[in-house]
Every structure is written in C-alpha cells, then in structure tokens.
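Lettering of chains follows the sequences in order, A, B, ..., and the numbering in each one begins at 1.
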There are 2 protein chains.
Amino acid sequence: MSPEPTRIQRRNRRAILDAALAVFSQHGFRGATLDQIAAEAGLSKPNLLYYFPSKEAIHETLLAGLLETWLAPLRALDAEGEPVEELLGYVRRKLAMSRDFPCESRLFANEILQGAPRIMPALEGELKSLVDEKAEVIAGWAAAGRIADIDPYHLIFSIWALTQHYADFDVQVRAVLGTGRGDPFEGADRYLVTLFTRMLRP
Amino acid sequence: MSPEPTRIQRRNRRAILDAALAVFSQHGFRGATLDQIAAEAGLSKPNLLYYFPSKEAIHETLLAGLLETWLAPLRALDAEGEPVEELLGYVRRKLAMSRDFPCESRLFANEILQGAPRIMPALEGELKSLVDEKAEVIAGWAAAGRIADIDPYHLIFSIWALTQHYADFDVQVRAVLGTGRGDPFEGADRYLVTLFTRMLRP
DNA sequence: AAAATGTTTGACCATGTGGTCGGGATCACG
DNA sequence: CGTGATCCCGACCACATGGTCAAACATTTT
C-alpha cells in the first residue's frame, strides 16, 4: 500500500505538522487557517494539500498522535510501587510534559473546550478505561491505609488540572508572577510536591 | 449623550451578549461567526451590527464585564478572618462560579489560550496587583503559623486550576466519570475541601 | 539521456465572512 | 391619529478561506 516515504515527504510532513500544531493550539480548529499553517511551515498552500487531503486531516493526524503521548505518564503508574512515590512521580512527569510540550497541551485544551467533537469516542473509551483501572489501584492503596483516604477520580482530575494549568495558562501565570520571581515551573514543582505529600500521607 | 436605553435595546443587547458568550466560549474569537451569533440570538446579522459596531466590539464588551466578576471571589478574601476558613470559602465560591457560569470560564480560558491578546494589560495591572496584595496576606498567615508554610502565588494558581478545570474540561470529566458516579461538582466540592484542609493545617 | 515518478506552484473557483446601505416596519408620544 | 425616532432586514460588497487543477520543475530509475 504505502511504501517508505521519501526523505522529502518525511521532512515536509513533519514541517506541516509542527506548523499546524503551533497554529491550531493557539487559535483552535476553526480559528486556524491553511494560509497561516502554510506560511509557518514555509510551504505554499497547494503544497500542504499535496501532503494532506484537507485541513481536517491535518488536525486529525495531530490528535491521533496526541492521545498516546498524553496517557503515557498515567499508564506508567505502577500498582506494585510505593504509593506516594508513584503518585508524586506521575505529578512530576505530567508537569514536565506541560513544560516541554505546551503546544500539545493547548491543542488538547482547545479540543475539549470546543466540546471534544473529534475525540469524544477516545475519551469515553480508551481514556475512561485507563482511568477506571488506575482509580482502582489508588482506591486499593487507600483501603490498605498506604495513602490517606481520598476520591481517586478527583485525585486524578486534580493532577491533570494542576499540571496542565501551567501550560495552558502560561501567559497568565507569567503576567502575575512578573519577571523577578523565578521560573514558574520550578516553583510549581516544589509546590506540587509539597501539596501532594501533605495530602496523601496516611 | 446616551440616555436611558429603551426596553427593546436592553432586551436585544442582552440577547446578543448571551448568544455571543455561548458562541465565543466554544469556538474562540476567530472561530466564532456573526451568523452563528445572530442565529443563536434570534436576530438578523445586520441587526447585530445595529447594536454593536463590530464583532470585535461584542467580544470586548463581554471581556470587560468578565474580569470584575472573575476577581470578585478573590477580592472577598478577608485578611481579618480565620485563615483556613477564608481560603476554603474562596475555593468554594470559585467552584460555584465554575458550576454556575461555565461559559464565562471558557471564554476566559479561550482568551488566555490565544495568548491573552485583548486582556494582557488587565492581567499585568489589575489582576497582578490584586494577587500581589492577597499573596501578602497569605504569606502573613503562614509566617504567623496560622496555616502551613506554602508559596502563596502557587496556592492561588492551584485554586484557579482546580476550580476552573471543572468548567473548562466539563465534557472530559463527565466522559470519564460516566453517568453513574453522581454530579461532578458535588464530588469536587468534597474533594477540594479535604485537599485544602489537609494541606493548609499548620 | 530519457522516461517515469515525485514535488511545487500560480491561477482559479465556490463558498463563507465581516460589514454596509437603503428602505420598510414598528414604536413612543403629542 | 400622525409623525418623528427607533428598529429591522433583504440585498449587496469586498475580501478571506478551503480546496482544485494543469502545467512546470525536480528527482530517481533504467
């Protein structure tokens, strides 16, 4: 069917997806334009549509690749590990993703804000079942007295909220902190470790 | 100059702003169209532009009204009150706003995601100075040993993140919880009270 | 070098979009 | 009533946008 892509194909597909990520993550699907993406990628608009059949297809490709990356840190939560250590590790991995891939975080946020028209099935399927599985693990830890008693679902939501906030609301965080108060992500790391340590200790 | 608006003016301006809030909050400024807003408001497009000079003006009107509402709960944080009670009260007021005004929350989120092109001055001015003031109050409580030692800025950020998450990511929260697990906001209320009680106690 | 394949783009099209305009419908008020 | 002000909208405009196409250009293969 589709044999190896040429070097040019690999380079241009990559350039397009990078450019599209930047534009979609800032303006959402409907607010983004092909001209903008083409300019950002250094290609002509018809050339975009040589590599992808439509605007929709570019967006779908981005989202498809995104979900796996996004769930990986939670998937790594190990039921056999030391509970507080595992949960703190998850928090820090997620915060590092916000620091290193802020555009991916914003792309996801935009999709959800718009009502998740394109990834609702994945939310109700893959995402839900992974969260169900890990929530059970956490509930087990709580029942065994290895962490404090807590609603595991809202614990997971709170980790998402706290870590993604530093990517999605980056400009607000920086506007409030000003220039003098150090890197937001370093402060966030210390704060979140303190917060979850205090909350989880049995 | 502009004497009392007639009853019709009040009704239509209101209908337009309500409709625009719904549309802008879902699609962002660029993704929203006047036709959509007009349809939602039950008016013709030219009639929209009879009441507001441009799409931009509608959006600005919404944002201008928003910031005050948005800051009110933080402004109500009383330096003379009992610290934990004050902070828990702030959390619950903010969560109630997410429940009762989710569109406003999403409108704000969209604006920040897009880099805050229209309210950056307010963020660096009004918002920053209010946060600076309240952070000082919280730091004072911590120094006096009335709450646990904590970074007051990130404490405020965490309250924003945790409460707004339930409005902005509502569809995701509901997709993961499914139908059987009760109202997200009730669960969130219990969870957040527990979380902050544990974290703040000296 | 020529043929075959893969890549690029200028010109173009249909539709969508923000915004205007002139005139008609409706209202407030004497 | 009547009449002036307010309110409403069909038709229209200029431009942006997603997408097409044929022809030119480049690269690989034989």
query = Whole Å only: how far is the CD1 atom of B/I16 from the P atom of D/dC9?
reply = 11 Å
inquiry  = For a quick test of reading the model: is some side-chain N or O of B/Q9 closer than 4.0 Å to OP1 or OP2 of D/dC7?
reply    = yes
query = Within the side chain of B/R198, is there an N or O that forms a donor-acceptor pair under 3.5 Å with the backbone of A/M199?
reply = yes
Spacing between B/F52 atom CZ and C/dG18 atom P, to the nearest angstrom = 16 Å
ask   = Roughly, in whole Å, what's the span from CG in A/N47 to C1' in C/dG6?
value = 11 Å
task = Would you confirm whether the ring centroid of A/F52 sits within less than 6.0 angstrom of the ring centroid of A/H59?
result = no
query = If every non-hydrogen atom of A/L74 is compared with every non-hydrogen atom of A/K134, which pair is closest and at what distance?
reply = O-CE, 3.4 Å
task = Please check the phosphate of C/dT8 (OP1 and OP2 only) for any side-chain N or O of A/Y50 closer than 4.0 Å.
result = no
query = Between B/A188 and B/Y166, what is the shortest heavy-atom contact and its length?
reply = CB-CZ, 3.5 Å
message = Please determine whether a side-chain nitrogen of the Lys or Arg among B/D189 and B/R92 lies less than 4.0 Å from a carboxylate oxygen of the Asp or Glu.
response = yes
message = For nucleotides 12-30 of chain D, give me one character per nucleotide, 5' to 3': B if any protein heavy atom sits under 4.0 Å from the base, S if the only such contacts are to the sugar-phosphate, - if neither.
response = -----SBBBB---------
message = Counting C-beta onward and ignoring hydrogens, is there a side-chain heavy-atom pair between B/R30 and B/F24 closer than 4.5 Å?
response = no
